[in-house]
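Values in this document were obtained by computation on a predicted structure and should not be read as measured data. Below, each value reflects all heavy atoms present in this structure, side chains not excepted, and no hydrogens, waters or symmetry copies.
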Amino acid sequence: MEYQDIIKDWKQKKFRPLYWLEGEEDFFIDRVSSYAEHQLLDEAEKGFNLTILYGKDTDWSTVINACRRYPMFAEKQVVLLKEAQAMRDLLKLEAYIDNPLDSTIFVVAHKQGKIDGRSKMAKLIKEKGVLLSTKKLYDNQLPGWVEAYVRDMGRAISQKACILLVDHIGNDLSRIANEIDKLLVNLPAEKKIDEGDIEKYVGISKEYNVFELQNAVGQKDFTKVMRIIQYFAANPKAGPVQMVLPALYNFFAKVNLIFGVKGGEKEIAAALGVHPFFVKDYMLAARQYGAEGAEKAILLLQHYNLRSIGINDSGVEDEELMKELAYKLMC
């Protein structure tokens, strides 16, 4: 079950006595927990029927006693156990999970891992309640997730704006969602989010960013590459060398993979593990550099990455280091 499915059921007043939220992606767990805390009960009901406990500050008996209470002046009560992974005697909740109270909605937020799926506890959770098991999204899944998130809000986002956002923020769904929410507050209801909006409200230049540098290097557009490097030098937070070099390395590593792929754009996207929107950029770079040039680029980037952290380097400024690398890559 996806986190949206749980919230959808709740909106339709469909409840189970237990919701166990676990895994690597905090964003999904936080969304369900937040809805349980703020939306399941109205303000008048919360005073008597909302209990929030923290794993590091509570024990199994306190949790079970809270769950076994009956609601006051309401049909349901909500017991929310946050940071369940920090609770030392968590497995002792098994007795309650085996026989939960229908009038209690017990929500357990267990981050940074999962319980053993072979255990009796795990089997009881699946039998008696709902298990939400989350994992981090792969990089190639992020653009699609952003588009879906914006679409669920009744809005739209251009592919370029989507890529800018993902490329700048990375795999941090909470931060991406916060930036999108900020955009939607500031933009007219019918406005499609574009790269200009990203530049204005998120602070990412639509012309001077790592994504544009990567494409300019791939196209061997020396003038544009130098212009972006100079912008990064004047605005260090926009493109620190420790972020730029790994991005370029990953780019050429994927370019190098193309030479072993049989098929068209669909097959290449699958082999590289990237969104189809990116494929043409990688294919263009493959034509520009060839297999030998892509391998040379990877070796150069390894060398300059070491220099950027002070290994075999005499203290060259980041701007000069990047210009030197760019020249060797494209010439």
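The shortest heavy-atom contact between Glu25 and Lys135 is CB-O, 3.6 Å.
Residue Lys200 places its NZ atom among 12 or fewer non-hydrogen atoms of other residues, nucleotides or ligands, all under 6.0 Å distant. Atom NZ of Lys8 has 12 or fewer heavy atoms from other residues, nucleotides or ligands within 6.0 Å. In this structure, Lys136 places its NZ atom where more than 12 heavy-atom neighbours from other residues, nucleotides or ligands lie under 6.0 Å away. Phe259 CZ: more than 12 foreign heavy atoms inside a 6.0 Å radius. Shown here is Trp60, whose CH2 atom has no more than 12 heavy atoms of other residues, nucleotides or ligands within 6.0 Å. Atom CD of Glu292 sits in a sparse spot, with 12 or fewer heavy atoms from other residues, nucleotides or ligands closer than 6.0 Å.
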Derivation and outcome, side-chain contact (heavy atoms from CB on, under 4.5 Å), residues Gln4 and Arg31:
CA-CA 9 Å; Gln4 301 99 319; Arg31 284 281 154 151; over 6 Å; no
Test log, rule side-chain contact (heavy atoms from CB on, under 4.5 Å), inputs Leu321 and Arg307
CA-CA 8 Å; Leu321 195 72; Arg307 288 186 61 185; 3.6 Å; yes
Please step through side chain to side chain donor-acceptor pair (under 3.5 Å) for the pair Trp20 and Glu22, ending with a clear verdict.
CA-CA 6 Å; Trp20 187 280; Glu22 66 176 22; 3.0 Å; yes
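Asn250 places none of its side-chain heavy atoms less than 4.5 Å from the side chain of Asp139. Within the 4.5 Å cutoff, the side chain of Tyr289 has heavy atoms near those of the Lys220 side chain. The side-chain heavy atoms of Tyr19 and Leu131, taken from C-beta on, include no pair separated by under 4.5 Å.
Residues Met322 and Val225 are members of one and the same hydrophobic cluster, defined by side-chain heavy-atom contacts under 4.5 angstrom among Ile, Leu, Val, Met, Phe, Trp and Tyr.
Cluster partners of Ile309, by chain and number: Leu306, Ile311. The rule joins Ile, Leu, Val, Met, Phe, Trp and Tyr whenever side-chain heavy atoms lie under 4.5 Å apart.
Using a distance-only test at 3.5 Å, with no hydrogens or angles considered, no donor-acceptor pair links the side chain of Asn235 to the main chain of Phe232.
Here the two rings, on Phe73 and Phe48, have centers that are under 6.0 Å apart.
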